[in-house]
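Single-structure report; data block below.
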Amino acid sequence: MKNKLKQELEQIEIPKELHMRAKLGVEKAKLEQPRRTFKKAIVFPAAAALFLIGSAGVSAAAFPSFNHLLSLVSPDIALFLQPIETTSEDKGIKMKVIGAMNDDEMAVIYVTMQDLTGNRIDKTLDLYDYTLTEGHMFNSQIVDYDKDTNTATLRVQANGGTNLNHKKINFQISSFLSHKHNHDGIHVDTHLADLKNEEVATVSINSDSTSGGGGEMFDKLEKGEKIEILKPNETTLSLPKIKFMHVSNIGIVDGQLHVQTKWSDDDIDSHGDFYLVDSFGKQINASSSVHYGVDKSGKTVYGNKYVEYIFDVNNEDLSKLKLMGHLVSNGNFTKGDWSTTFKLHSVENEKSLNFNEDFGSWKATKMTLSSLGVTLYGKGQFKDTDNIKVSVKMKNGSIQSLDSLQNFSDNKSVKAKFLPSSPLDLSKIKAINVNGIVVKVSK
């Protein structure tokens with residue numbers, strides 16, 4: 001018997017840095033340096049809403065940690081999560097899986113990490129190497145830190161869909177970062193206007209040398225095209241109090257400002273972003289970025305030790321712009337072996353509906369409906385600029401828009417899940433509207 005879904009939700013802010021390294025199983029990823037990168041084919045908006053609604057099945061009163069979870073999240077939601085309470089201890093640190101759930105697209109797991117002997121855990125705890133059987137494309141976020149007990153509670157999300165339904169799965173953590181430090185408003189001391197009169201040397205790069213990126217330039221690489229980047233290591237621009245990276249080249253290429261950065265091998269997971277600021281304080285973000293490596297001969301190779309940020313400045317007055325950076329460095333890097341096995345129970349079955357529509361860059365061939373939202377399946381390539389509006393019409397005549405999006409697209413397969421502001425009561429839905437196309441929902 002299916003559980004009735006509570007009309008509540010818990011907002012999850014998707015972390016900016018997504019953990020997508022070796023989990024992809026790509027052989028060449030073994031060569032990648034630890035700094036995290038991502039492929040643009042997987043899109044996670046910066047503030048997408050997910051719903052943690054599961055089937056408890058066992059009395060939550062029997063699980064002390066699960067009861068504590070009620071004070072951290074909405075009780076009406078937490079009570080519908082599946083209590084787990086499996087533990088693993090290594091090197092004086094105890095990991096405990098508290099609760100979990102999954103639907104046909106994703107799994108969400110609540111985990112605590114407690115340092116029993118020291119202070120290796122703090123409010124900046126960030127899982128680094130971790131795996132989930134049958135899952136892929138991971139990310140995690142700390143939701144609570146108890147200083148008195150040295151305990152952090154984390155929410156872990158993994159894509160895996162039906163592969164996880166009602167199966168015993170293993171969750172393992174091999175390393176984590178803590179005591180991270182943010183470096184905000186870092187100014188790169190250079191006169192951008194002078195770059196227009198300087199010639200720069202460039203080299204060609206293709207997708208074989210890139211481990212990630214985003215924007216139009218990265219799209220070209222994914223299509224098999226070559227692009228021009230700055231010749232590596234033509235200059236050294238150090239940043240105030242920053243020892244883990246520097247600007248290794250900067251210049252104008254075909255009307256675009258390229259900022260090449262080189263990151264130290266000594267820092268496990270330093271990362272960040274560069275941006276331009278005009279005299280009015282307006283921020284201009286990079287239009288593209290490319291991650292790559294360079295061998296001893298200066299040839300570009302697969303890796304992510306170098307990140308090149310590319311700005312479209314054709315209509316900008318460079319004399320009024322400053323180059324700024326927001327950077328993050330880690331303090332502690334802890335390795336260990338924390339592993340537990342448990343069984344996941346799917347929230348409910350999805351209802352499949354006929355739907356065929358051409359959105360230009362991809363064609364939808366199927367639609368599914370669940371209390372967690374509407375999912376469109378198809379073939380092609382999902383674009384950031386795709387303007388798809390989805391809403392549901394209830395039997396009482398009210399309309400509920402599905403404004404948040406999770407895109408699980410990879411290669412030429414598209415799976416776009418549109419999420420409502422609160423879980424849907426399937427028995428009360430009359431129809432679904434996708435860009436004006438109405439799909440009736442049967443009883």
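Just the heavy atoms: all of them, side chains too, but no hydrogens, waters or symmetry mates, feed the values below.
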Distance, nearest 0.5 Å, that separates CD of Q256 from CD of E228: 12.0 Å
D115/R120 under salt bridge (Lys or Arg N to Asp or Glu O under 4.0 Å): CA gap, chis, key distance, verdict: CA-CA 7 Å; D115 194 340; R120 291 162 290 181; 2.9 Å; yes
pair V188-L239: side-chain heavy atoms closer than 4.5 Å: yes
Distance-only side-chain donor-acceptor flag, T334 / N332, under 3.5 Å: no
Parallel, tilted or perpendicular: rings of F333 and Y128 (30°, 60°): perpendicular
Side-chain touch T190/L237, heavy atoms, less than 4.5 angstrom: yes
Residues S339, N170; criterion side-chain hydrogen bond (donor to acceptor under 3.5 Å, both in side chains); working and verdict: CA-CA 7 Å; S339 177; N170 175 260; 2.8 Å; yes
Pairwise side-chain contact, N249 with I229, heavy-atom cut-off 4.5 Å (strictly under): no
NZ-NZ distance between K363 and K379, expressed to the nearest 0.5 angstrom: 13.0 Å
L192 vs L276 side-chain heavy atoms within contact, under 4.5 Å: yes
Separation between CD1 of I242 and OG1 of T261, rounded to the nearest 0.5 Å: 12.5 Å
Over 12 foreign heavy atoms within 6.0 Å of CG, D254: no
Residue pair I121 / Q114, side-chain heavy-atom distance below 4.5 Å: no
From T86 atom OG1 to K343 atom NZ, the distance as rounded to the nearest 0.5 Å: 15.0 Å
Approximate separation, where rounding is to 0.5 Å, of E198 CD and I252 CD1: 9.5 Å
Contact summary for W263 and L327, nearest pair of heavy atoms: CH2-CD2, 3.9 Å
Criterion side-chain hydrogen bond (donor to acceptor under 3.5 Å, both in side chains) on Q283 and N285, from CA distance to verdict: CA-CA 6 Å; Q283 181 173 315; N285 297 318; 2.7 Å; yes
Spacing of OG belonging to S88 relative to CE belonging to M113, to within rounding of 0.5 Å: 9.0 Å
Ring centre gap for H183 and F244 strictly below 6.0 Å: yes
Six-ring centre of Y145, K123 cation under 6.0 angstrom, axis tolerance 45°: no
Ring centroid separation F176 to W338 under 6.0 Å: yes
D184 versus H326, side-chain donor and acceptor atoms under 3.5 Å: yes
S178 side chain vs L125 backbone, donor-acceptor pair below 3.5 Å: no
Aromatic plane relationship, Y306 with Y292 - under 30° parallel, 30 to 60° tilted, over 60° perpendicular: parallel
4.5 Å side-chain heavy-atom contact, V203 and P232: yes
Nearest atoms (heavy-atom pairs only) where L195 meets I250: CD1-CG1, 3.8 Å
Heavy-atom side-chain contact between S140 and Y130 under 4.5 Å: yes
Pairwise side-chain contact, L230 with E308, heavy-atom cut-off 4.5 Å (strictly under): yes
